[in-house]
Protein chains: 2
Amino acid sequence: MDAIDEAIVQCVLRDARSTYAEIGRAAGLSAPAAKRRLDRLVADGTVRGFTALVDTQALGWRTEAFAEVYCKGNPTPAELRRDLEAVPEVVEAYTVSGAADAIVHLMALDIPHLERAIQRVREARVIERTESVIVLSGLINRPRV
Amino acid sequence: MDAIDEAIVQCVLRDARSTYAEIGRAAGLSAPAAKRRLDRLVADGTVRGFTALVDTQALGWRTEAFAEVYCKGNPTPAELRRDLEAVPEVVEAYTVSGAADAIVHLMALDIPHLERAIQRVREARVIERTESVIVLSGLINRPRV
DNA sequence: CTTGAAACGTCGCCGCG
DNA sequence: CGCGGCGACGTTTCAAG
């Protein structure tokens with residue numbers, strides 16, 4: 001992982017559909033060399049994959065929320081992940097410091113759909129209760145990093 | 001926007017580097033037809049772009065946090081966005097219902113870096129105070145949708 | 001890094017509803 | 001007239017040298 005790899009990562013971060021020639025130009029490499037580097041980055045997990053950025057509003061995903069979750073007992077992060085993964089509306093989840101045990105980000109089609117999703121989260125065996133706030137508007141959503 | 005477009009979106013969501021032949025196969029179309037559809041989805045903003053999913057831990061981004069921000073006065077979402085965009089460590093930001101005005105997701109290299117980033121957020125003219133929690137571990141991070 | 005063959009992207013043209 | 005298939009040409013990919 002050096003400056004060349006960083007240039008490659010930044011190039012595919014900006015446009016995942018770049019050709020290897022473009023990636024190579026950004027990194028000062030030939031196309032085959034760029035491909036070998038990128039293949040290696042994918043193989044060792046530094047690059048986890050390639051996706052599209054979709055305007056979720058445009059196909060109906062109009063309602064989102066953040067929920068603080070409080071657990072019962074002290075489940076491991078792995079147990080919590082297992083239970084939260086079962087709810088497809090959960091797009092992000094993190095264990096956190098502070099009063100709550102985790103923060104989960106939910107996306108749904110509308111309010112009834114969101115309510116059902118939160119309901120399913122609360123049904124998880126390791127979860128005691130949740131405290132939710134509705135997202136009013138998305139301000140920023142930058143690709144990481 | 002029909003079932004064919006949805007199939008295309010899902011295909012590039014799973015792998016943004018899919019060939020047009022693969023996208024076409026997923027949607028029951030020829031490669032040129034798939035390209036025309038995808039080009040149209042990009043042109044009208046339904047697909048905002050294509051990125052890589054990077055393992056942020058792997059290149060040093062080891063510290064993240066969520067901050068609830070409380071504003072002074074009542075800034076518009078646009079003003080809030082402008083001020084938060086000035087801080088590159090802010091990867092997500094949303095206005096929300098509830099006591100806080102917004103939730104912002106920050107990523108930093110380490111604790112001192114995070115502290116400086118939060119400092120910069122608090123310096124924004126429209127922001128009164130913030131309340132932060134540190135992320136202990138990332139459980140889920142699904143591509144949307 | 002360069003090469004060459006196979007695969008892919010891209011464009012124009014035609015046919016269909 | 002929008003939309004999809006087909007064919008052709010230049011470009012890119014990719015494995016071998």
Side-chain angles (χ1 to χ4, degrees), chain A residues 1-62 88 91 107-110 113 141-145, chain B residues 1-61 141-145:
Chain A
M1 189 71 216
D2 55 9
I4 296 176
D5 285 339
E6 282 200 48
I8 291 172
V9 166
Q10 230 167 301
C11 182
V12 294
L13 231 31
R14 199 176 45 240
D15 180 9
R17 290 184 71 81
S18 304
T19 66
Y20 290 113
E22 287 167 337
I23 298 165
R25 201 172 314 128
L29 254 43
S30 70
K35 173 180 162 39
R36 274 196 303 270
R37 288 263 193 168
L38 184 51
D39 284 349
R40 189 178 52 70
L41 289 169
V42 171
D44 66 27
T46 305
V47 173
R48 283 175 23 229
F50 305 95
T51 28
L53 269 28
V54 174
D55 181 5
T56 49
Q57 309 270 76
L59 210 63
W61 255 241
R62 290 206 163 74
V91 296
M107 298 215 36
L109 294 168
D110 49 33
H113 183 197
N141 192 349
R142 290 205 181 98
R144 289 145 226 191
V145 68
Chain B
M1 190 72 214
D2 55 9
I4 295 176
D5 286 336
E6 282 200 48
I8 290 172
V9 167
Q10 242 179 289
C11 183
V12 293
L13 231 30
R14 199 176 44 239
D15 180 9
R17 289 184 74 80
S18 302
T19 66
Y20 289 114
E22 287 167 339
I23 298 166
R25 202 173 312 127
L29 253 43
S30 69
K35 173 176 164 40
R36 279 192 293 259
R37 287 265 192 167
L38 185 51
D39 285 349
R40 189 177 51 71
L41 289 169
V42 171
D44 66 26
T46 306
V47 172
R48 281 173 26 226
F50 305 95
T51 24
L53 269 27
V54 174
D55 180 5
T56 49
Q57 309 270 80
L59 208 62
W61 255 241
N141 193 349
R142 290 204 181 99
R144 289 143 226 194
V145 78

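These values consider heavy atoms only, across backbone and side chains, with no hydrogens, waters or symmetry-generated copies. Every value quoted in this text rests on a predicted model; they were computed, and no experiment measured them. Every chain is numbered from 1, with letters handed out A, B, ... down the list of sequences.
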Quiz item: Looking only at heavy atoms, which two atoms of A:Ala34 and A:Ile23 are closest? And how far apart?
Solution: CB-CG2, 4.1 Å

Practice problem: Identify the two heavy atoms, one from A:Ser18 and one from B:Arg17, that lie closest to each other, and give their separation to 0.1 Å. | Solution: O-NH1, 2.9 Å

Exercise. Summarise protein proximity over nucleotides 11-17 of chain C in one line of letters, 5' to 3': B for base, S for sugar-phosphate only, - for none, counting protein heavy atoms closer than 4.0 Å.
Key: B------

Practice problem: Determine the contact category for A:Ala33: base if any of its heavy atoms lies under 4.0 Å from a base atom, sugar-phosphate if only primed atoms, P, OP1 or OP2 are that close, otherwise nothing. | Solution: sugar-phosphate

Practice problem: Can you measure from CG (B:Asp2) to CZ (B:Arg37) and round to the nearest 0.5 angstrom? | Solution: 4.5 Å

Determine all donor-acceptor pairs shorter than 3.5 Å in which one atom belongs to a side chain in residues 46-55 of chain A; sequence neighbours excluded.
unit_1  : atom_1 : unit_2  : atom_2 : d
A:Thr46 : OG1    : A:Asp44 : OD1    : 2.8
A:Asp55 : OD1    : A:Gln57 : N      : 3.3

Exercise. Measure from CG on B:Asp39 to P on D:dG4 and round the result to the nearest Å.
Key: 13 Å

Quiz prompt | Spatial distance of atom CD (A:Glu6) from atom CG (B:Leu59) [nearest 0.5 Å] | solution = 5.0 Å

Quiz item: Which ones in residues 9-23 of chain A lie close to DNA chain D, meaning a heavy atom under 4.0 Å from one of its atoms?
Solution: A:Thr19, A:Tyr20, A:Ala21

Quiz item: Counting just side-chain N and O atoms, does A:Ser30 come under 4.0 Å of either OP1 or OP2 of C:dC1?
Solution: yes

Quiz item: Taking CZ from A:Arg37 and C1' from D:dC14, how many angstroms apart are they, rounded to a whole number?
Solution: 18 Å

Self-check item: Gap between atom CZ of B:Arg36 and atom CD1 of B:Ile8 - 0.5 Å precision
Solution: 11.0 Å

Quiz item: Using the C1' atoms of the five pairs at each end, what is the angle between the end axes of the helix from C:dC1-D:dG17 to C:dG17-D:dC1, to 10°?
Solution: 30°

Quiz prompt | With B:Asn141 via side-chain hydrogen bond (donor to acceptor under 3.5 Å, both in side chains) - residues at least two apart | solution = none

Quiz item: What is the minimum heavy-atom distance between B:Ala7 and B:Ala26, and which atoms define it?
Solution: CB-O, 3.7 Å

Quiz item: Would you say A:Arg40 and A:Asp5 make side-chain contact, with heavy atoms under 4.5 Å?
Solution: yes

Quiz item: Taking only residues two or more places apart in sequence or in another chain, which ones pass salt bridge (charged side-chain N to carboxylate O under 4.0 Å, His left out) with B:Asp15?
Solution: none

Exercise. Please state how far atom CG in B:Leu38 lies from atom C1' in D:dC3, giving the value in whole angstrom units.
Key: 16 Å

Exercise. With rounding to the nearest 0.5 Å, note down the distance linking CE in A:Met107 to CZ in B:Arg142.
Key: 12.5 Å

